[in-house]
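All of these numbers come straight from a predicted model, not from anything done at the bench. Hydrogens, waters and symmetry mates play no part in the numbers below; they use all other heavy atoms, side chains included.
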Amino acid sequence: MVDSEDTGKVILVLNCGSSSLKYDLILMPHRKSLGKGIVERIGEEKGSLEQKSDDKKLVIEQKIKDHREALELVMRAITDRDEGIIKDVSEIAGIGHRVVHGGDKYASSVVIDESVVAAIEEFIELAPLHNPPNLTGIQVARELMPNLKQVAVFDTAFHQTMPSHAYLYGLPRKFYEEFKIRRYGFHGTSHRYVSARAVELCRRHPSNTNVISCHLGNGGSVTAIARGKSIDTSMGFTPLEGMIMGTRSGDLDPAILGFLMDRGYSSKDLIKMLNKESGLLGLSGISNDMRDLEKAAEEGNHRAKEAIDCYAYRVRKYIGAYAANLIKVDILVFTGGIGQNGWRMRERICKRLENLGIFLDHKLNKEMGSKEGIVSEAYSPVTVAVIPTNEELQIAIDVYELAFGGESAFRRRQTDFNVGMKRS
Ligand code: ADP
């Protein structure tokens with residue numbers, strides 16, 4: 001049992017997609033993952049659950065009708081007598097839900113009540129693919145565990161500190177006022193986690209540190225963070241804007257859409273093309289996976305090389321733009337599958353950024369692998385850091401903060417407890 005005041009609290013982190021459910025059990029404030037799993041193909045003929053903890057692995061294959069059945073299966077799996085993670089569901093102290101869109105209402109994580117449920121429902125029109133399954137996860141978890149505090153952690157929340165000059169588009173006002181069309185930004189939980197971690201790693205304080213954070217995964221975004229607050233980010237009204245991504249186009253001239261619609265493409269065709277068939281995949285005609293492109297480029301494939309160059313150039317352009325706005329940059333962070341593992345891409349991006357005071361230590365950068373660490377020269381005015389992201393942990397930290405007073409309250413309780421022990 002791990003639920004006593006002094007040993008910590010087990011937080012269940014849930015991330016519900018339309019046909020999947022990812023979960024992680026994290027012991028706070030120790031920041032330790034006890035085990036995690038994924039349920040896939042919910043609603044299809046053959047569903048599955050795969051769970052890992054320490055050296056234990058559990059696989060269950062069966063039809064999983066809906067998210068309720070999926071969560072019931074998760075409860076069974078985590079308490080499985082042989083391959084489980086905890087002894088009893090009662091050991092779970094709180095639940096954190098990843099929610100994609102909090103609109104302009106939530107600038108931080110929040111304990112879920114009826115008004116939060118209603119707001120997530122309201123923002124379905126802004127995130128029609130993501131908010132509905134997120135909401136289903138919340139409803140099912142509240143039904144199954146009505147006595148637990150549940151917290152919503154929004155991808156958009158971190159970016160709510162952006163000033164209007166960063167979030168307004170140059171459109172007639174009515175589109176902002178009537179339809180809420182503005183930049184929201186995404187990946188906020190990741191940018192928040194890696195920037196805070198980088199500040200810690202550099203032994204600095206957020207109040208006097210400016211960070212540019214590059215989340216380079218299959219999707220990708222760059223964020224400018226001044227004194228702990230997001231002041232601009234490359235994704236916009238939807239995750240389509242910004243960098244070139246695995247299959248997303250990123251920025252383009254909006255007139256291209258009108259041009260193509262005049263030639264018979266429907267808006268649905270175009271949105272699909274921009275989301276699923278563009279980016280690295282569209283440019284190379286080979287793959288959306290950076291590893292495949294690196295290999296093809298090495299073998300002399302010109303399109304793969306060009307796709308890689310376009311990718312690096314666009315990230316570099318954002319870093320330059322954000323450096324101009326931050327005036328002084330202290331830390332440049334790389335995270336996400338490409339940012340964390342791709343030393344070659346970090347090298348390409350940082351090339352020619354010396355004029356901004358960014359000097360990569362090429363040897364260190366190559367040797368870093370996928371670990372956390374600093375990869376810039378000691379004399380570099382800007383510190384370059386590689387930080388593996390951990391959105392699940394950030395969600396658990398938020399739940400612990402909102403439901404149990406946070407890590408500093410735990411340390412205070414421990415001190416009081418120790419003082420009490422000494423006295424008695
Ligand atoms: P998601 O956004 O789906 O979570 P990830 O953050 O896992 O995706 O990032 C996936 C990307 O990371 C892929 O393009 C993959 O090629 C890239 N990647 C993973 N390992 C490496 C590596 N060693 N070098 C370069 N790119 C890598």
Side-chain angles (χ1 to χ4, degrees), residues 13-18 67 95-142 149-193 195 213 215 219-225 228-242 248 251 254 267 271 274-275 391 394-395 397-399 401-402:
V13 176
L14 294 177
N15 182 354
C16 277
S18 56
H67 284 79
I95 302 183
H97 295 267
R98 179 195 177 203
V99 182
V100 165
H101 222 303
D104 52 6
K105 189 161 183 182
Y106 296 106
S108 58
S109 303
V110 63
V111 174
I112 299 171
D113 61 15
E114 291 314 317
S115 71
V116 177
V117 170
I120 296 171
E121 207 160 0
E122 181 192 334
F123 298 129
I124 283 177
E125 66 167 352
L126 298 175
L129 297 180
H130 295 102
N131 270 27
N134 297 161
L135 191 59
T136 306
I138 290 171
Q139 282 160 338
V140 170
R142 289 181 92 207
K149 270 217 171 115
Q150 310 212 14
V151 168
V153 179
F154 302 96
D155 272 16
T156 49
F158 183 55
H159 302 302
Q160 277 299 303
T161 43
M162 277 187 294
S164 58
H165 61 247
Y167 71 68
L168 285 176
Y169 289 117
L171 294 170
R173 278 265 165 193
K174 68 171 184 183
F175 293 109
Y176 169 56
E177 287 163 1
E178 274 177 39
F179 301 120
K180 297 191 165 168
I181 293 178
R182 49 159 283 179
R183 177 184 311 285
Y184 289 100
F186 299 87
H187 287 147
T189 312
S190 174
H191 287 295
R192 179 158 62 102
Y193 176 79
S195 57
S213 136
H215 178 114
S221 61
V222 185
T223 295
I225 300 153
K229 293 191 165 37
S230 168
I231 60 156
D232 202 354
T233 190
S234 60
M235 282 179 168
F237 178 62
T238 74
L240 250 185
E241 196 182 346
R248 294 192 192 118
D251 300 333
S267 70
I271 292 297
L274 294 172
N275 271 300
E391 287 155 295
Q394 185 61 64
I395 293 174
I397 293 171
D398 288 3
V399 177
E401 183 78 41
L402 286 170

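Arg248 places a side-chain heavy atom less than 4.5 Å from the side chain of Met235. Contact annotation: the side chain of Val399 never approaches that of Ile95 to less than 4.5 Å [non-hydrogen atoms, C-beta and beyond]. With a 4.5 Å cut-off on side-chain heavy atoms, Gln150 and Ile112 count as touching. Residues Phe237 and Tyr169 are in side-chain contact: their nearest non-hydrogen atoms beyond the backbone lie under 4.5 Å apart. Ile138 places a side-chain heavy atom less than 4.5 Å from the side chain of Val99. Side-chain contact between Tyr176 and Leu168 is present, with heavy atoms from C-beta onward closer than 4.5 Å. For the pair Phe158/Thr189, no side-chain contact is recorded, criterion being any heavy-atom separation below 4.5 Å from C-beta on. The closest side-chain heavy-atom distance from Gln139 to Val117 is below 4.5 Å.
For the atom pair CD1 of Ile181 and OG1 of Thr238, the computed distance is 10.5 Å after rounding to the nearest 0.5 Å. For the atom pair NZ of Lys105 and CZ of Phe123, the computed distance is 6.5 Å after rounding to the nearest 0.5 Å. With rounding to the nearest 0.5 angstrom, the NE2 atom of His215 is 13.5 Å from the OH atom of Tyr193.
Here Tyr184 and His101 bring their ring centres to under 6.0 angstrom of each other.
Glu125 has no carboxylate O lying under 4.0 Å from a charged side-chain N of Lys180, or vice versa, which leaves the two without a salt bridge. Salt bridge present: Arg142 and Glu114 bring a charged side-chain N and a carboxylate O closer than 4.0 Å. Salt bridge annotation for Arg192-Asp398: present, with a cationic side-chain nitrogen under 4.0 angstrom from a carboxylate oxygen. Of the charged side-chain nitrogens involved, none lies within less than 4.0 Å of a carboxylate oxygen, so that Arg182 and Glu177 do not count as a salt-bridged pair.
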For this session: Give the C-alpha distance, both sets of side-chain angles, the deciding distance and a yes or no for side-chain contact (heavy atoms from CB on, under 4.5 Å) between Ser234 and Thr223.
Result: CA-CA 6 Å; Ser234 60; Thr223 295; over 6 Å; no

Problem set entry | side-chain contact (heavy atoms from CB on, under 4.5 Å) between Arg98 and Val13, intermediate numbers included | CA-CA 8 Å; Arg98 179 195 177 203; Val13 176; over 6 Å; no

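The nearest pair of heavy atoms linking Ala127 to Pro132 is O-CD, 3.6 Å. Residue His97 comes nearest to Ala141 through the heavy atom pair CE1-CB, 3.7 Å, listed as atom of the first residue, atom of the second, then distance. Among all heavy-atom pairs drawn from Cys16 and Pro133, the shortest one is CB-O, 3.3 Å. The two atoms that bring Thr156 and Gly103 nearest to each other are OG1-N, 4.1 Å, heavy atoms only. Minimum heavy-atom separation, His159 to Gly185: CD2-C, 3.5 Å. The shortest heavy-atom contact between Ile120 and Ala152 is CD1-CB, 4.5 Å.
His187 and Ser221 form a side-chain donor-acceptor contact under 3.5 Å, judged by distance and modelled atom types alone. Side chains of His191 and Ser213: a donor-acceptor N/O pair is present below 3.5 angstrom, by distance only.
Checking side-chain atoms of Thr161 against main-chain N and O of Lys229 turns up no donor-acceptor pair under 3.5 Å. When atom types are taken as modelled, the side chain of Asn134 and the backbone of Gly137 share no donor-acceptor pair closer than 3.5 angstrom. No donor-acceptor distance shorter than 3.5 angstrom exists from the side chain of Asp155 to the backbone of Gly188, with no hydrogens or angles considered. Distance alone, capped at 3.5 Å, is enough to place a donor-acceptor pair between the Arg183 side chain and the Thr233 backbone.
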